[in-house]
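What follows is a set of notes on a single structure, which appears directly below.
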Amino acid sequence: MSTTDTDKKPLNFIEQIIEEDLRSGKHKQIVTRFPPEPNGYLHIGHAKSIVLNFSLAEKYGGRCNLRFDDTNPEKEEQKYIDAIIRDIEWLGYDYGGKPFYASDYFDILYEYAIKLIKAGKAYVDDQTAEEISATRGTPSVPGKESPWRNRSVEENLDLFERMKNGEFKEGERVLRAKIDMASPNMLLRDPAMYRIKHARHPRTGDKWHIYPMYDFAHGQCDSIEGVTHSLCTLEFENHRPLYNWFIENLGIFPSRQIEFARLNLSYTITSKRKLLQLVEEGIVNGWDDPRMPTLSGMRRRGFTAAAIKQFSHDVGIAKRENLIDVARLEHAVRADLNRKANRVLGILQPLKLVIENYPEDKVEMVQAVNNPENEAAGKREIPFSRELYIDRNDFMENPPSPRKYFRLGPERMVRLKYGYIVKCTGYEKDADGNVVLVKCEYYPESKSGQDTSGIKVKGTLSWVSAAQAEKVEVRLYDRLFKSENPALADDFHTELNPDSLTVIEDALVEPLVKELQPGDTVQFERLGYFTVDPDSTPDKLVFNRTITLRDSWAKKS
RNA sequence: UGACCCAUGGUGUAACUGGCAACACGUCUGAUUUUGGUUCAGAAGAGUCCAGGUUCGAGCCCUGGUGGGUCAACCA
């Protein structure tokens, strides 16, 4: 069974069910599955489900199948299948190397349908979709039985076969389960099992003219694969009686459907339809736009698989509706990157600083720590010289008291990280009143690592040497939506944050950054984590700001 | 005027077969710090939707409300 002796973490309700099933001997091994429909990209909500299903299989020594729910050829595409596989592999889960497809079981499903017809539990209905809808009733008013409900088994068999052979037009006939038109559960009012679609299927081609509905496919596929625990979201609760009805009336392996609450993330939309809209309307630059909550977008942004898994695990599993604070995701990302990302010095808004008492032509290499959280990351050297750039945000003409403000200002002293302590002796402004140059003098005996100056400063600034700095493009991201729950709005367009993307063309970084490759993430000290974007060229790197550092100073101001 | 599900600090999740509510994120202090990061120490913040009931004792059980979610695609 599990390793519960070591981890005391309380079990969620699904784990409790699983452990009970294992204990009672109901199952010797558990099987779960992740069943995406290939009609869009995977997003953070799917991640929760993926992590749940795969980690349960890992924890209890079972298996988790990746199964594409490809029962609707009109909406599904191969490109989505490819993207989904890529995302799951990126997360690092083992689906046995071979995905399954609902379409693998079309033949079996067809046999199942015939079995129900023969048992008098399914019939071909000649009514139109409109008629069926009109006679379904409402939640409080029973529906009316179809005039075709009681035709003979032989006629049903014949008609169904002809449906399969493509003899009818789409919408002309449908195969329905004969259950109960008066059921208080609308889904039990003779639900459709098969509909006619003369569409080419990405995998089965033109073989079929009829395709099974979700309800007639999902549970049976679970059953065929021996899925023991079929985990899905709350909106399928009402489907469970139907899920069970098919399994019972077919007499096949009883997979058990268990529902849990889907993930909702603050300031984020997780609706495939709306995400698709963002892409198609050009509001974002594709499915992998770093502002998108898609796995591909988050990956490009620089979020790690480890962080997303940790987050998915942290939010827990329960049955109540929830809205998880996006700060939680950000916390997971920072926690992971803090351990993994090497530090570099970078400047987003360059402001020139001249050390007037430093030799004109001297370039001195200073030693810098790559990652204080990981000694093995080693050290590097960066050039220091008379002319540097610091960040505009690190200088103020009229700063508040030194107790509250540690950075540079007239007469103030700061340390240039890994370098020397400098004192501001003056500054110059342009015609518009913008500070364009800061003048300093340095204390030669204050060099990092061999400081004998005895000077104590509170502030430490990032900097780059003007002559050696590398110019890069930096893309800053903010949340795509300005309201906490954009899904609530009638029109999500009104909730869009107009400042979700800011491009800085001329940020500066220390020279060694040149060697980074797309996908690499570093921390620009004091600023945040930045990941090299695939848009980078040999001439110019492009960085995505993955996430800022926590900033308790900015928060106060 | 139906069925099913849910209801615990700001947010999310816990509390074994009933024994006066825990953890995480967030927030706020303070310490350390050559990142106003990290780390460390600490604090505030709920009496468990409401009303009854059972019980020596209920967040957990029962009844009735209230509030929220889902369902009337030939979507998944």
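Quantities reported herein were computed from a predicted structural model and do not represent experimental measurements.
- Less than 6.0 angstrom separates the ring centroid of Tyr214(A) from the ring centroid of His218(A).
- Rounded to an integer number of Å, the gap from Leu242(A) CG to rA76(B) C1' is 13 Å.
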Please assess Ser183(A) against Asn185(A) for the test side-chain hydrogen bond (donor to acceptor under 3.5 Å, both in side chains), listing each intermediate value before the final yes or no.
-> CA-CA 5 Å; Ser183(A) 172; Asn185(A) 182 339; 5.5 Å; no
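- Here Asp69(A) lies in heavy-atom contact (under 4.0 Å) with sugar-phosphate atoms only.
- Here Trp208(A) and Tyr110(A) bring their ring centres to under 6.0 angstrom of each other.
- Across residues 35-53 of chain A, Glu37(A) each have a non-hydrogen atom less than 4.0 Å from an atom of RNA chain B (numbered order).
- At least one test fails for Arg176(A) against the ring of Tyr123(A): distance under 6.0 Å to the centre or angle within 45° of the axis.
- A distance of 6.0 Å or more separates the ring centres of Phe524(A) and Tyr529(A).
- Backbone-only contact: Thr71(A) has heavy atoms under 4.0 Å from sugar-phosphate atoms and none from a base.
- Nearest approach of Phe68(A) to Pro99(A), heavy atoms of both residues: CE1-CB, 3.8 Å.
- Shown here, rG37(B) is classed anti by the O4'-C1'-N9-C4 or O4'-C1'-N1-C2 angle, which is more than 90° from 0.
- Along RNA chain B, the nucleotide nearest Ala318(A) and the nucleotide nearest Ile196(A) are compared for position; the residue whose nucleotide lies closer to the 5' end is Ala318(A).
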Restricting to nitrogen or oxygen on both sides, can you table the protein-nucleotides 43-46 of chain B pairs closer than 3.5 Å?
none

Base versus backbone protein contacts along nucleotides 27-41 of chain B [heavy-atom cut-off under 4.0 Å; B, S, -] | S------BBBBS---
Dot-bracket, RNA chain B: Watson-Crick or G-U, under 3.5 angstrom, [ ] crossing, | other strand?
-> .((((((..((((.....[..)))).(((((.......))))).....(((((..]....))))))))))).....
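- Considering all non-hydrogen atoms of both residues, Leu345(A) and Arg380(A) come closest at N-NH2, 4.0 Å.
- For Phe384(A) and Tyr420(A), the distance between ring centers is under 6.0 angstrom.
- Here the closest non-hydrogen pair linking Asn338(A) and Arg343(A) is OD1-NH2, 2.7 Å.
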Please write out the pairs of protein N or O atoms and N or O atoms of nucleotides 65-71 of chain B separated by less than 3.5 Å, giving the distance to one decimal.
residue: rG69(B); atom: O2'; partner: Glu321(A); partner atom: OE2; Å: 3.1
residue: rU70(B); atom: O2; partner: Asn238(A); partner atom: ND2; Å: 2.9
residue: rC71(B); atom: O4'; partner: Asn238(A); partner atom: ND2; Å: 3.3

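- Between Phe106(A) and Tyr101(A), a ring centre-to-centre spacing not shorter than 6.0 Å is recorded.
- Between the side chains of Arg415(A) and Ser448(A), at least one donor-acceptor pair of N or O atoms lies under 3.5 Å.
- Regarding the sugar-base torsion, rA73(B) falls in the syn class, its angle being within 90° of 0.
- Residue contacts shown for Ile421(A) are absent, as no nucleic acid heavy atom lies under 4.0 Å away.
- Between Arg320(A) and rU8(B) there is a side-chain N or O to OP1 or OP2 distance below 4.0 Å.
- By the 4.5 Å heavy-atom criterion applied to side chains, Glu259(A) and Arg240(A) are counted as neighbours.
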Please step through ring-ring contact (aromatic ring centres under 6.0 Å, His included) for the pair Tyr211(A) and Tyr194(A), ending with a clear verdict.
-> CA-CA 6 Å; Tyr211(A) 292 93; Tyr194(A) 269 96; 8.6 Å; no
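- The cationic group of Arg67(A) does not satisfy the cation-pi geometry with Phe100(A), failing either the under 6.0 Å distance to the six-membered ring centre or the 45° limit from the ring axis.
- Side-chain atoms of Arg189(A) stay outside donor-acceptor range of the base of rA72(B), with no qualifying N/O pair under 3.5 Å.
- In the set rC25(B), rU13(B), rC5(B), the nucleotide with an atom closest to the side chain of Lys319(A) is rC5(B).
- Listed by residue number, the members of residues 124-131 of chain A with any heavy atom below 4.0 angstrom from RNA chain B are Gln127(A), Thr128(A), Ala129(A).
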